[in-house]
There are 2 protein chains.
Amino acid sequence: MKSEFLKNWETQMKKGLLPFFVLQSLSTKEQYGYELIQELKSSFGIDVTESTIYPLLIRLMKENMLSHNWVEQPSGIPRKYYSISTEGKKHIKK
Amino acid sequence: MKSEFLKNWETQMKKGLLPFFVLQSLSTKEQYGYELIQELKSSFGIDVTESTIYPLLIRLMKENMLSHNWVEQPSGIPRKYYSISTEGKKHIKK
DNA sequence: ATATAATACATCGTATAACAAAGTATTATA
DNA sequence: TATAATACTTTGTTATACGATGTATTATAT
């Protein structure tokens, strides 16, 4: 089992790395929140919860790194698709 | 001038990276707090304040990553020298 | 002589961000 | 008919960097 120290270290690492991975991931294609959670897991091996990703996306919106548009589905809940802005693209080159 | 966004991003990055850099730096030689601040600046280009480094060192002590011993100076304030523990060495291999 | 800077430690309050928990709503599966 | 999966959201807690402030000693500048 993972020590409290390592578990906490990982959490703190995410505070810096998550915005980068999200911008990186969205620079390949538009994605919605729930999809991003699975993408971050499969592509980067990062576990993220919904209460992390949704506030983060809202924050990146406020910073003008992202834009979004609701897309109605033929069935089920509509999805909020996010795409990276010109501003956002500038920031992932670091 | 650096944007608020980038300034904040850097702060969040440090929350994950600082423990690593401190352990890394202490694995080469024993160092005291004030010395570490200058070392992190010159070797890694990282700006750290005293109100960051001292609590961090205390935390790493509690986690058994470090040990320390006071060293009296021929003149001036005594220095608290930190050295990395066996436990700490294990953790920087990641 | 006297103020300022540099050295060296420490603590308090604030802001940021991940995360557990809980909630709403729809559709698929057991 | 309940449970899981999909999809979004909010509230409260916790960890940590950092500005500000404080104490104390020594060196440098005015």
Side-chain angles (χ1 to χ4, degrees), chain A residues 2-23 30-41 44 46-63 65-66 68-82, chain B residues 2-23 30-41 44 46-63 65-66 68-82:
Chain A
K2 198 168 287 179
S3 74
E4 202 62 27
F5 177 73
L6 282 183
K7 192 174 146 294
N8 203 232
W9 196 339
E10 272 183 22
T11 297
Q12 299 306 324
M13 283 295 295
K14 286 184 197 168
K15 296 189 181 183
L17 294 179
L18 268 188
F20 172 75
F21 282 120
V22 166
L23 291 180
E30 286 194 3
Q31 279 169 299
Y32 55 98
Y34 199 86
E35 186 185 12
L36 254 174
I37 292 173
Q38 297 159 338
E39 175 79 4
L40 289 168
K41 177 63 177 170
F44 302 101
I46 303 172
D47 284 308
V48 192
T49 65
E50 293 173 272
S51 50
T52 294
I53 207 73
Y54 291 116
L56 171 55
L57 289 168
I58 289 166
R59 226 157 53 230
L60 289 172
M61 280 286 299
K62 282 200 193 113
E63 305 282 0
M65 302 294 142
L66 303 179
H68 70 73
N69 60 310
W70 284 100
V71 178
E72 301 287 334
Q73 298 306 115
S75 95
I77 300 167
R79 296 169 176 170
K80 198 187 256 186
Y81 275 88
Y82 290 89
Chain B
K2 198 167 288 179
S3 74
E4 201 63 26
F5 178 73
L6 280 184
K7 190 173 149 295
N8 202 68
W9 196 339
E10 272 182 22
T11 297
Q12 299 307 323
M13 284 294 297
K14 286 182 197 168
K15 297 190 180 181
L17 294 180
L18 268 188
F20 172 75
F21 283 121
V22 166
L23 291 180
E30 286 195 1
Q31 280 170 298
Y32 55 97
Y34 199 85
E35 187 184 13
L36 253 174
I37 293 174
Q38 297 159 338
E39 174 79 3
L40 288 169
K41 177 64 178 172
F44 302 102
I46 303 174
D47 285 309
V48 190
T49 66
E50 294 174 89
S51 50
T52 294
I53 207 74
Y54 291 116
L56 173 55
L57 289 168
I58 290 165
R59 226 157 54 230
L60 290 173
M61 280 287 297
K62 282 200 193 113
E63 305 281 358
M65 302 294 140
L66 304 178
H68 70 72
N69 61 309
W70 283 101
V71 177
E72 301 289 332
Q73 298 308 116
S75 94
I77 300 167
R79 296 168 176 171
K80 199 188 253 184
Y81 275 87
Y82 290 89

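Chain naming here is simple, since letters A, B, ... match the order of the sequence lines and numbering starts at 1 in each.
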When you measure from the side-chain N and O atoms of [X] to the phosphate of [N], is any distance below 4.0 Å, counting only OP1 and OP2?
X     : N      : answer
B:N8  : D:dC18 : no
B:R59 : D:dA17 : yes
A:K14 : C:dC19 : yes

Original post:
To the nearest 0.5 Å, what is the distance between CZ (A:F20) and CZ (A:F44)?
Top reply: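 A:F20 CZ to A:F44 CZ: 7.5 Å, rounded to 0.5 Å.
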Original post:
What distance do B:F5 atom CZ and B:K7 atom NZ have between them, rounded to the nearest 0.5 Å?
Top reply: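 Result: 13.5 Å between the selected atoms.
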Might you point out which heavy atoms bring [X] and [Y] nearest each other, and give the distance in Å?
X     : Y     : answer
B:Q31 : B:L36 : OE1-CD2, 3.8 Å
B:D47 : B:K14 : O-NZ, 2.7 Å
A:Q12 : B:K15 : CB-O, 3.2 Å
A:W9  : B:P19 : CZ2-CB, 3.8 Å
B:V48 : B:I37 : O-CG2, 3.3 Å

Output the rounded distance in Å from [atom1] ([X]) to [atom2] ([N]).
X     : N      : atom1 : atom2 : answer
A:I37 : D:dT9  : CD1   : P     : 11 Å
A:L57 : C:dC19 : CG    : C1'   : 15 Å
A:E4  : D:dT13 : CD    : P     : 18 Å
B:F20 : D:dT16 : CZ    : P     : 17 Å
A:E63 : C:dT16 : CD    : C1'   : 11 Å
A:M61 : D:dC8  : CE    : C1'   : 15 Å
A:L17 : C:dC19 : CG    : P     : 12 Å
B:Q12 : D:dC18 : CD    : C1'   : 11 Å

**OP:** Quick one: label A:S75 by what it contacts on the DNA or RNA (base, sugar-phosphate, nothing), any heavy atom closer than 4.0 Å.
**Re:** sugar-phosphate
**OP:** For A:T11, answer base if it contacts any base atom (sugar-phosphate contacts may also be present), sugar-phosphate if it contacts only those atoms, and nothing otherwise; contact means non-hydrogen atoms under 4.0 Å.
**Re:**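 If one applies the 4.0 Å heavy-atom cut-off, A:T11 turns out to touch the sugar-phosphate alone, with no base involved.
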**OP:** Quick one, give me the B/S/- string for nucleotides 5-10 of chain C, reading 5' to 3', where B means a protein heavy atom under 4.0 Å from the base and S means that only happens at the primed atoms, P, OP1 or OP2.
**Re:** --BBBB
Subject >> Residues in salt bridge (Lys or Arg N to Asp or Glu O under 4.0 Å) contact with A:K2, at least two apart in sequence or another chain >> reply: A:E10
**OP:** Could you summarise the pairing of DNA chain C as dot-bracket text, marking Watson-Crick and G-U pairs under 3.5 Å with ( ) or [ ] inside the strand and | across strands?
**Re:** ||||||||||||||||||||||||||||||
Original post:
Taking atom CD of B:Q73 as the centre, does the number of heavy atoms from other residues, nucleotides or ligands within less than 6.0 Å exceed 12?
Top reply: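 For B:Q73, atom CD is crowded (more than 12 foreign heavy atoms under 6.0 Å).
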Subject >> Side-chain donor/acceptor contact of B:K15 with base of C:dT16 under 3.5 Å >> reply: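 Indeed there is one.
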